[in-house]
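Below: the structure, in structure tokens.
What you are looking at is a predicted structure, and each value in this text was computed from that prediction instead of being measured.
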Amino acid sequence: MKRDFKPYKLSVSIQVEVDLNELLDGLKLHTTIAEIKKNIGMYLRAGVKQYKFVPGEDITIPDEGQIAGNLHEWDIVSYGEE
């Protein structure tokens, strides 16, 4: 007989290394580095929340292009001079 468990929410901390020099190369900042880091963290957490994981499963981290695209959507960065 299958045993049912109460729903659990588990919070984990995942350290992700992002090269800001490469990510922001050629882009113009409209905010602080602290806001950039906060935005990247929110973006990564939102992506992970969409999926159900099983123990041992790899988590796919978005590449720099996807992260930079997200920063553009939030008007945090733009290309070159306007």
Side-chain angles (χ1 to χ4, degrees):
M1 184 165 112
K2 182 181 172 194
R3 182 172 174 195
D4 290 329
F5 295 96
K6 294 180 189 176
Y8 278 96
K9 288 189 179 181
L10 180 64
S11 297
V12 295
S13 179
I14 301 169
Q15 189 167 1
V16 177
E17 192 171 306
V18 176
D19 183 350
L20 287 179
N21 289 317
E22 186 172 323
L23 179 69
L24 300 174
D25 186 35
L27 299 178
K28 182 178 178 182
L29 284 180
H30 299 292
T31 189
T32 63
I33 294 297
E35 277 297 311
I36 293 278
K37 288 169 59 177
K38 179 178 167 186
N39 181 277
I40 291 171
M42 288 171 27
Y43 174 66
L44 293 175
R45 284 190 296 276
V48 169
K49 279 186 194 177
Q50 294 179 31
Y51 303 101
K52 290 188 178 183
F53 296 99
V54 296
E57 184 177 357
D58 288 338
I59 296 174
T60 303
I61 302 298
D63 62 25
E64 273 88 2
Q66 291 172 295
I67 293 172
N70 173 66
L71 298 176
H72 283 289
E73 287 178 24
W74 286 85
D75 295 325
I76 290 177
V77 296
S78 66
Y79 288 107
E81 297 298 319
E82 295 176 345

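Placement of Val16 and Met42 in two distinct hydrophobic clusters is found when ILVMFWY residues are connected by side-chain heavy-atom separations under 4.5 Å, directly or transitively.
Distance check, rounded to the nearest 0.5 Å: CD of Glu35 to CG of Leu29 gives 11.5 Å. Summarising the geometry, atom CD1 belonging to Ile33 is positioned 6.0 Å from atom CG belonging to Leu24; distances are rounded to the nearest 0.5 Å. The line from CD1 of Ile40 to CD of Glu64 is 9.0 Å long, rounded to the nearest 0.5 Å. Interatomic distance, Leu27 CG to His72 NE2, rounded to the nearest 0.5 Å: 4.5 Å. A distance of 12.0 Å separates CD1 in Ile61 from CD in Glu17, rounded to the nearest 0.5 Å.
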Would you please test Ile36 and Val77 for side chain to side chain contact (heavy atoms under 4.5 Å, CB included) and show each step? CA-CA 9 Å; Ile36 293 278; Val77 296; 4.0 Å; yes

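Put simply, the side chain of Leu71 reaches to within 4.5 Å of the side chain of Leu23, judged on heavy atoms. For the pair Ile67/Asn39, no side-chain contact is recorded, criterion being any heavy-atom separation below 4.5 Å from C-beta on.
In this structure, Gln50 has no side-chain contact (heavy atoms from CB on, under 4.5 Å) partners at least two apart in sequence or on a different chain.
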